[in-house]
Amino acid sequence: MKKENVHIKPIRYFYDIVGELDEVSYATLTNFGNNMYMLFLTVTLVSFLVSFALGEDVMGISLFLTLVYSQFKQDAIIKQLGLDKLFVAKADVKLARKKMMKRTLFQTLQIAVYSLLVSIGLWQFHIPQESGTSAAEYFQFVTPMTVVLLTLVSFLSFYIVNRKKIKLI
């Protein structure tokens with residue numbers, strides 16, 4: 001596909017596509033997305049009915065298992081289509097590394113924001129307070145250390161994974 005519109009960019013981001021997205025791959029991903037949407041709706045309806053009939057909540061675990069299944073299936077389709085690799089000529093390796101470094105920094109920033117939001121959410125749900133942790137201790141020591149640790153680990157992980165995606169032609 002030559003032109004990337006507003007619809008293609010989120011698809012590239014959501015499916016973690018670094019390679020070229022052609023019409024056949026786009027159609028395959030659209031079909032996959034439609035199938036997963038139908039699966040999620042069916043699982044939601046069936047688990048709601050089962051929960052209602054049994055009086056037990058099975059919806060959470062059903063949706064979680066469906067999410068895990070869809071992620072494994074998504075990874076398999078992306079690898080099958082070859083969209084997880086960035087093929088470049090030897091002269092363009094420096095540009096590809098720069099592109100992947102930007103991608104790594106963006107992904108790391110997302111993890112930092114998510115971990116900060118989770119930390120704030122934990123405080124809002126009064127989980128640290130149950131163990132007697134004060135606000136000063138939590139927000140001056142626990143939160144920064146957690147965010148920094150998760151950010152560093154995610155940066156290293158994303159850096160290694162993104163560098164491995166670059167393949168020479």
Is [Y] reachable from [X] through a run of hydrophobic residues whose side-chain heavy atoms are each under 4.5 Å from the next?
X    : Y    : value
I120 : L149 : no
I166 : I17  : no
L150 : V113 : no
M59  : L67  : yes
V147 : M145 : yes

Has the side chain of R12 got a donor or acceptor atom that lies under 3.5 Å from a matching backbone atom of G19?
->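 Indeed, once roles are kept as given, a pair shorter than 3.5 Å links the two residues.
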
Test of understanding: with side-chain contact (heavy atoms from CB on, under 4.5 Å), list the residues that count as partners of [X], not counting sequence neighbours.
X    : result
L156 : none
V50  : V46, L54, V58
L152 : V148
L65  : I61

With rounding to the nearest 0.5 Å, note down the distance linking [atom1] in [X] to [atom2] in [Y].
X    : Y    : atom1 : atom2 : value
F155 : I160 : CZ    : CD1   : 10.0 Å
L49  : T44  : CG    : OG1   : 11.0 Å
T28  : L21  : OG1   : CG    : 9.5 Å
L117 : L122 : CG    : CG    : 11.0 Å
T108 : M101 : OG1   : CE    : 9.0 Å
L105 : M100 : CG    : CE    : 12.0 Å

Is there a donor-acceptor contact under 3.5 Å linking the side chains of S25 and D22?
->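 Yes.
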
Any ring-ring contact (aromatic ring centres under 6.0 Å, His included) pairs touching residues 130-149, not counting sequence neighbours?
->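 Qualifying pairs, neighbours excluded: W123-Y138, W123-F139.
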
For residues 30-82, pull every pair meeting ring-ring contact (aromatic ring centres under 6.0 Å, His included), keeping only residues two or more places apart or in separate chains.
->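 Checked against ring-ring contact (aromatic ring centres under 6.0 Å, His included) - neighbours excluded - no pair reaches residues 30-82.
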
For [X], enumerate each residue passing the side chain to side chain donor-acceptor pair (under 3.5 Å) test, keeping only those at least two apart in sequence or located in another chain.
X    : value
T143 : S119
S51  : none
Q129 : H126

Give every residue pair that meets the side-chain hydrogen bond (donor to acceptor under 3.5 Å, both in side chains) criterion with at least one member in residues 146-166, sequence neighbours excluded.
->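 Matches after skipping sequence neighbours: D16-K165, T104-N162, Q107-N162, Y159-R163.
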
Any side-chain heavy-atom pair of N35 and M38 under 4.5 Å |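 Counting from C-beta outward, N35 and M38 do come under 4.5 Å.
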
Can you list every salt bridge (Lys or Arg N to Asp or Glu O under 4.0 Å) pair that touches residues 141-153, not counting sequence neighbours?
->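 For residues 141-153, and leaving out neighbouring residues, there are no salt bridge (Lys or Arg N to Asp or Glu O under 4.0 Å) pairs at all.
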
Can you give me every donor-acceptor pair (side chain of residues 74-87, partner residue at least two apart or in another chain, under 3.5 Å) with its distance?
{"unit_1": "Q74", "atom_1": "NE2", "unit_2": "F14", "atom_2": "O", "d": "3.4"}

